[in-house]
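Quick notes on the structure that follows.
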Amino acid sequence: LFAFLTIQAITVAAAMLISQSSGMTASTTTITTLASSIITIALFYKLRWTPCSGAYINTRPWFTMFWVVCLTIGTIAPLAYLTELLGVTLPDTYNEMFKGIMQHKLGFITIGIIAPIAEEYVFRGAILRVLCDITGKHRQWVAIVLSAALFATVHGNMAQGIGAFLCGLLLGWMYVRTGSIVPGVVYHWVNNSTAVLLYRLMPQSADMQFADFFGGDMKRVALAIVFSLMIFGASMFQLPTPPQHINPSTSQHHTSCPISEISPSASQYASATVATLATTYSYSTKWRRYPFRASHAVCSVCCLLCACVAL
């Protein structure tokens with residue numbers, strides 16, 4: 001955490017020094033954020049603070065990724081409405097900064113892709129992993145809460161902090177549940193990308209209230225919240241537990257990252273294929289033994305369609 005904050009401070013100080021005459025422009029802010037994220041990823045990867053392997057990706061968790069996307073969609077509206085109900089607003093300085101980044105040509109790459117990877121590297125791949133080692137398997141919830149609190153604190157304002165804490169709890173749970181930061185990166189990517197795309201399509205959305213998206217009709221707002229929570233609940237139920245060789249509560253665990261350092265031989269390919277077939281068979285037999293999982297999946301998709309109609 002200290003290294004992460006130090007990188008942020010150094011890059012911001014360097015940007016302020018360079019732009020003393022013209023001030024902090026949107027380009028300066030965007031490039032600073034992008035540079036600090038890339039440096040963070042490189043440092044944590046190089047020093048093995050977030051160890052990487054292809055163990056999770058080798059299980060081909062494509063259905064899990066689909067449900068993570070649905071899970072993210074199910075949290076956007078409730079979190080936005082909750083923040084509004086609590087009466088906290090984003091400070092003008094932060095609001096203008098995010099507007100500048102989102103309208104910049106590198107804004108999507110910065111906020112939607114690189115920043116999510118950097119934050120998951122730090123807060124789930126390094127901090128939560130170490131906290132899970134300390135607290136042990138039966139007190140992982142303590143590690144999740146602590147990492148979520150740190151995640152909220154570094155955002156530096158109450159409006160983002162509330163959402164960051166709740167998202168941190170969910171991201172921590174997904175890490176413990178799946179044994180990888182990959183679902184967290186996907187969640188982060190969908191959440192941040194939605195904000196960027198919404199701003200690109202509707203620049204006035206940055207200053208709109210949540211009900212304004214529905215023409216002020218509270219019935220439609222309620223429907224959107226209810227359907228979002230249904231998607232959220234059903235998607236959480238669909239997330240599978242990790243294979244036995246991926247265990248985030250042990251120090252031998254290597255976090256599955258978007259970057260893989262494995263160069264498998266032919267025998268390793270064969271072993272991975274057998275493991276994949278075994279995992280697929282295991283999930284298929286579970287699906288047949290517990291048909292209510294299929295009904296939940298259908299329910300999730302139907303709720304997603306209903307939410308789109310409500311929007």
Side-chain angles (χ1 to χ4, degrees), residues 1 4-5 8-9 11-12 15 24 26 28-30 32-34 36-37 40 71-104 107-108 110-116 118-120 122-124 127 144-174 184-185 187-214 216 218 221-222 224-225 228-229 232 311:
L1 180 61
F4 174 73
L5 295 176
Q8 301 291 318
T11 51
V12 170
M24 290 288 284
T28 304
T29 305
T30 303
T32 299
T33 305
L34 182 61
S36 64
S37 297
T40 298
L71 186 71
T72 312
I73 295 171
T75 60
I76 292 173
L79 285 177
Y81 191 55
L82 175 63
T83 303
E84 188 174 301
L85 286 178
L86 294 175
V88 291
T89 57
L90 193 66
D92 292 338
T93 305
Y94 283 87
N95 196 24
E96 293 301 319
M97 179 184 71
F98 286 124
K99 284 181 182 179
I101 296 176
M102 288 189 291
Q103 69 187 7
H104 194 272
F108 179 77
T110 301
I111 295 180
I113 300 175
I114 304 300
E119 291 182 354
E120 291 308 307
V122 175
F123 290 97
R124 259 60 65 179
I127 294 175
I144 292 174
V145 171
L146 289 175
S147 65
L150 292 173
F151 185 55
T153 302
V154 299
H155 280 77
N157 64 87
M158 185 62 72
Q160 282 186 292
I162 294 171
F165 177 72
L166 296 175
C167 285
L169 294 176
L170 182 59
L171 291 166
W173 175 82
M174 284 197 295
V185 171
Y187 178 100
H188 236 125
W189 165 67
V190 175
N191 185 74
N192 292 11
S193 297
T194 301
V196 176
L197 292 175
L198 183 62
Y199 181 79
R200 294 279 181 88
L201 295 172
M202 300 173 58
Q204 70 275 18
S205 63
D207 301 310
M208 290 172 62
Q209 298 292 315
F210 183 75
D212 295 338
F213 289 97
F214 304 92
M218 295 309 296
V221 170
I225 298 297
S228 294
L229 291 175
F232 171 76
L311 292 173

Is there a side-chain contact between L82 and L166 (heavy atoms, below 4.5 Å)? yes
The reported gap from CG in L171 to CZ in F123 (rounded to nearest 0.5 angstrom) is 11.0 Å
Notebook entry, point to check: Between F151 and H188, what is the ring plane arrangement, given parallel below 30°, perpendicular above 60°, and tilted in between?
Noted result: perpendicular
I144 backbone acceptor or donor facing S147 side chain under 3.5 Å: yes
Here the pair of heavy atoms bringing I101 nearest to T33 is CD1-OG1, 3.9 Å
d(T89 OG1, Y94 OH) to nearest 0.5 Å is 13.0 Å
For A152 and G161 the tightest heavy-atom approach is CB-O, 3.3 Å
d(L90 CG, M97 CE) to nearest 0.5 Å is 8.0 Å
pair D207-N95: side-chain heavy atoms closer than 4.5 Å: yes
Separation between CG (L79) and CD1 (I225), nearest 0.5 Å, reads 9.0 Å
OH/Y81: more than 12 non-hydrogen atoms of other groups inside 6.0 Å: no
Correct closest heavy-atom pair for G112 and S193 would be CA-OG, 3.8 Å
Between G74 and F232 the two heavy atoms that sit nearest each other are O-CB, 3.9 Å
Stepwise side-chain hydrogen bond (donor to acceptor under 3.5 Å, both in side chains) check, N157 with Q160:
CA-CA 6 Å; N157 64 87; Q160 282 186 292; 2.8 Å; yes
Rounded to the nearest 0.5 Å, the NE2 atom of H104 sits from the OG1 atom of T110 at a distance of 8.0 Å
Closest heavy-atom pair, M218 versus A211, reported as atoms and distance to 0.1 Å, is SD-CB, 4.1 Å
* Does any non-hydrogen side-chain atom of M208 lie less than 4.5 Å from one of S205? -> yes
Correct closest heavy-atom pair for S228 and P78 would be CB-CD, 3.7 Å
With a 4.5 Å heavy-atom cut-off, do I111 and Y199 have their side chains touching?
-> no
CZ of F214 to CD of Q209, rounded to nearest 0.5 Å, is 13.0 Å
Of T75, T72, N192, the one forming a side chain to side chain donor-acceptor pair (under 3.5 Å) with Y187 is T75
